[in-house]
2 protein chains.
Amino acid sequence: MENCLVAQSGGPTSVINATLAGVIMGNQLNPIYDTVYGGLHGIEGILQEKFVDLTHMSEDENKVLRQTPSSALGSCRYKLKRENVADFEKLFTIFKKYNITCMFYIGGNDSMDTVYALSEYAKKNNIEGIQFVGCPKTVDNDLMMTDHCPGFASAAKVIATTQLHTWLDYNVYTRQEVFILETMGRDAGWLAASACVTGKVDLLVLPELPFDKEKFFAQVREIVASKNKCYIVISEGVKYADGTYLAAGESKNDLFGHAVLGGAGQTLKDMLLAAGVCERAKVQDMSTLQRCYAVSQSAVDVDESFRLGMSAHMRSMDKAFTGKMVGLVRVEGSEYDVEFKAFNASEVANHVKNFPKEWILDNYRGISDEAVAYIKPLIVGQPNILLDENGLPRYCAPFYHR
Amino acid sequence: MENCLVAQSGGPTSVINATLAGVIMGNQLNPIYDTVYGGLHGIEGILQEKFVDLTHMSEDENKVLRQTPSSALGSCRYKLKRENVADFEKLFTIFKKYNITCMFYIGGNDSMDTVYALSEYAKKNNIEGIQFVGCPKTVDNDLMMTDHCPGFASAAKVIATTQLHTWLDYNVYTRQEVFILETMGRDAGWLAASACVTGKVDLLVLPELPFDKEKFFAQVREIVASKNKCYIVISEGVKYADGTYLAAGESKNDLFGHAVLGGAGQTLKDMLLAAGVCERAKVQDMSTLQRCYAVSQSAVDVDESFRLGMSAHMRSMDKAFTGKMVGLVRVEGSEYDVEFKAFNASEVANHVKNFPKEWILDNYRGISDEAVAYIKPLIVGQPNILLDENGLPRYCAPFYHR
C-alpha cells in the first residue's frame, strides 16, 4: 500500500486549489496511490497528523475546487528549520505511519525550501521510499526557473481589470484627479507592472528601482499640467535608495523576517498633497482582493495550474523524482504555449526573480513592449464560473472546517 | 424637428451606461427624436454646449456600452441652484437653439432635484415644449419611491463576492485573524448590508444606528474567543451617537456640503488593536472598485437599467410627462419581478431612504431574513461579458475623450 500527501503553504492565490485539483484528478486517472491524503495547514497540521482523504473527490467537486480561491486545505507560515531535527524525525515517523511515499507541497519560495530540506534530510539519513515534489504558486511571480508562477496571472488580471475600470471611473469629472492603485509585491514588481497591459497607466513605481521623490514628483507635475489627470500604479514594496520602505511607518516583520507592508499608496497620496503636487488624490489599495477575486481567474492560469498538479503527480511514478519543483517553460514561437519541466527545488528556494530592469521605462513611464508581450498571453480567457442560485460563485468548503 | 438630450451626473456606477444605452436604443426602435444628443459632463457641459450625437450608435457599440462602467458621457458635481436664474435662462436658450424638447438626466438625489427644478422653472415661466425626465442611479440605493436603484445591485454583487472570497482567504491560517471590509454608504447602509447575503459576516456596522464602541468591542471579543476569527463589515458613514463620524479624522466637505469619508475600516482596526481586542486585523477598503468592477455586473441590474432607459424614452411621447423619475416597483409573488413606474422627481429629490432599522439584528449581528430576501434576487445572473483579445473586458471609449 502506497499513499501520497498533498498540502498547501504560504499566501493563498486564486488558483492554488486548481493545482490541488490536478493532483487529485491525476490519481483518479492513474491510481499510483491508494489514498490521496490532504494535509491541513501545511507542515503545521501534518506535524499534528491532521489529514483528510481526498482520493474519491467527485468530478463536480473537483470542478468547483478549481474555481475556489484560497487554500482549501488551509495554509501555514510555519518554517521548517534544518536545525530543528525533532521536526524532521517526527515528520518521517508520520510519513511511515501513514505509508506516505510521496508528498506534494504547493507553495512559494519557503515551501520549495521545505521540499529541498526534506529531500536532503532523507538522502543524508539514507531514508528510502519517500519523495518530495514541489508545485509553485505565488501571485508575486518571483520564483526562479519557472517562466511564470501559477497564481500570478489571475492576480494580474484582477489588477489590470481594476486599472481599466477605475481609469474609466476617475476620468468622469472635469476637475483635477490623481489616482493611485497599490498592488502587492514585496520585492518584485510583477503585479504592479501587470496593470500596464491596459495602456492606461501614466506612472509606475516598482520596488526594483530606488524611489527618487523629486524626480517622481516632477513627472506627476508634468502629466497633471498636460491633462489634469494622472494615473499612478505603485507596488507595496517600493523603497528609497537607502533601503527604507516608502510605507515604512507601517512596517514590521513577520515570522520569516519579511517586512509586513501596506500603505505605500496612502503614503504617496499624503506626500503628493503635502508637497502641493496635486490638489486631489484617491487611493485604491488592492489588498487581499487581488489574490482571491476568483471570478476574474485567468483561464490560462487555471488550466496551467491544474495541469501542473497532474504533471507533478505523473512524474512521481519515477522513484528517483524527489527534491524537484515542476515549473513552466514558455515555448518559442508566435503562439503562446508552455511545456512543463522539472527543476531542482534547491535552485528555487530562497531566491527572488525580480522584474527585469531592462523592461522598466525611464522616468516611471511604465514597461517596455517586451514586458507587455510577456504578460498579455497569461491573462487571456475567462473560465465559465459556476454560480449558485443567488448569483454568487460556487466554492468548495474549506477542508479544515469540515 | 425635435431632438432630445441625455446626460449623466453624480458618482458613476457599473450600469449607468446601460440606462444611457436604453435611451439610445429606445429612439432607434421608435424615433421620437431626430437627434439624440449626449450632453458631456452633465449640466456643467450642457451650459457649454458640449454635445455629441448618439442617434446612430451601432448595435455592437450599444452592447459594449452596457458593460462599460462609469459615465461614458462624463459626470459633474455642478449644483444647479434655483437662485442662479442666469443658469436657467442659459440652459433654456440652449435647449431652444438645439430644438431639444426632452432632456433625460441619469443620476441620483441631486440630479432628481435638477429635473424637478428645471420642470418647475418651465412651468412657472410658461415655457412649453420641453420635458425633463429623470432616470435613477446610485450604488447607495438610497433614493425614495423606487424599490431599488439601478447600480446598487452590481455594487452589492462585487461586495458580496469579495466578502465570500476574502472570507475564504482570511481563514487559511490557524492564527487569530480579524478582517474588516469597508464599503461605501455615507448615510445609508445598503451596500454594507449586502455583504451579508453570503451568510459569512460575523458583525455588521451600519450608519443607521449610532456606533457604541464598548458594546461592539464586547461582540468582537466574544466571537474571537469562540473561533479565533471575526469578519466585520463596516460602512464608511458610521457615526457615534453625538453625530461625529468614526472616520472623522479624515472628513471634510465637498461642494454639496456632504462629508468626504473613507478610512472607517482603518480607524476601526487601529481602535481594536489599541484596545487589545484582537492581535491582528486586516482591512479591505472596497473604495472605487465596488462601483466600477463591471465584469461582476448583476445581470438583473444591467437588464433593469437598460429597460429603464427605454421606458423613460417611450414615456416621453406623452407631452405632459415632465418632472418625473422612472422607478422600479417590485411585483408581489414568489418569483422576483419588477414593473416600471413614474414618480414625481420632487418626491425623490433631497430625501434619503435608509436601510430599515427593523431589518438590523441586535448586537451588530447582521441583517434579518427579510432583508436578505430583498437583496438576493437583485444580484442574480452573470451577463456574458465581451472580452478583447487580451482577456480584458471591451469598453466604450468615453465620449468626452473623442
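Excluded from the calculations below are hydrogen atoms, water molecules and symmetry mates; all remaining heavy atoms, backbone and side chain alike, are included. Naming: A, B, ... by sequence-line order, numbering from 1 per chain.
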With a 4.5 angstrom heavy-atom cut-off, which part of [X] approaches chain A: side chain, backbone, both or neither?
X	result
L168(B)	both
Y170(B)	neither
L289(B)	both
T68(B)	side chain
V283(B)	backbone
Y400(B)	side chain
D388(B)	neither

**Request:** Decide side chain to side chain contact (heavy atoms under 4.5 Å, CB included) for Q67(B) and V302(B); before the verdict, give the C-alpha distance in whole Å, the side-chain angles of both, and the deciding distance to 0.1 Å.
**Result:** CA-CA 8 Å; Q67(B) 70 172 37; V302(B) 179; over 6 Å; no
Please identify, among [options], the residue contributing the most non-hydrogen atom pairs under 4.5 Å to chain A.
options	answer
H401(B), E389(B), K157(B), Q382(B)	H401(B)
G381(B), A397(B), P393(B)	P393(B)
T162(B), T13(B), L378(B)	T162(B)
S298(B), A72(B), G10(B)	G10(B)

**Message:** With a 4.5 Å cut-off on side-chain heavy atoms, are I379(B) and V300(B) touching?
**Reply:** no
**Request:** State, with a plain yes or no, whether a side-chain heavy atom of D301(A) is found less than 4.5 Å away from one of F152(A).
**Result:** no
**Prompt:** Among residues 38-45 of chain A, which ones touch chain B with a heavy-atom distance under 4.5 Å?
**Reply:** H41(A), E44(A)
**Asked** Step by step, would you call S9(A) with Y78(A) a side chain to side chain donor-acceptor pair (under 3.5 Å)?
**Response** CA-CA 9 Å; S9(A) 188; Y78(A) 188 85; over 6 Å; no
**Message:** For the NZ atom on K50(A), are there more than 12 heavy atoms of other groups (residues, nucleotides or ligands in this structure) within a distance under 6.0 Å?
**Reply:** no
Using a strict cut-off of less than 4.0 Å between a Lys/Arg side-chain nitrogen and an Asp/Glu carboxylate oxygen, indicate whether [X] and [Y] qualify as a salt bridge.
X	Y	result
E61(B)	R402(B)	yes
R66(A)	E304(A)	no
K227(B)	D202(B)	yes

**Asked** When rounded to the nearest 0.5 angstrom, what is the spacing between CG in N17(A) and CZ in F399(A)?
**Response** 8.0 Å
**Prompt:** Going from CD1 on I375(A) to SG on C196(A), what distance comes out if it is rounded to the nearest 0.5 angstrom?
**Reply:** 7.5 Å
**Asked** Looking at T174(A), T166(A), V295(A), which one has more heavy-atom pairs under 4.5 Å with chain B than the rest?
**Response** T174(A)
**Complete:** Heaviest contributor of heavy-atom pairs below 4.5 Å to chain B, chosen from G391(A), P398(A), G74(A), S75(A), is S75(A)
**Request:** Look at the side chain of S287(A) and the backbone N and O of Q284(B), then say whether any donor-acceptor pair between them is shorter than 3.5 Å.
**Result:** no
**Region of L164(A) that comes under 4.5 Å of a non-hydrogen atom in chain B** = side chain
**Message:** Run S14(A) and Q297(A) through side chain to side chain donor-acceptor pair (under 3.5 Å) and show every step you take.
**Reply:** CA-CA 7 Å; S14(A) 273; Q297(A) 283 176 327; 5.5 Å; no
**Message:** Go through it in stages, so that I can follow the logic: the residues are Y293(A) and S296(B), the test is side chain to side chain donor-acceptor pair (under 3.5 Å), and I'd like the CA-CA distance, side-chain angles, deciding distance and then a yes or no.
**Reply:** CA-CA 10 Å; Y293(A) 201 83; S296(B) 290; 2.7 Å; yes
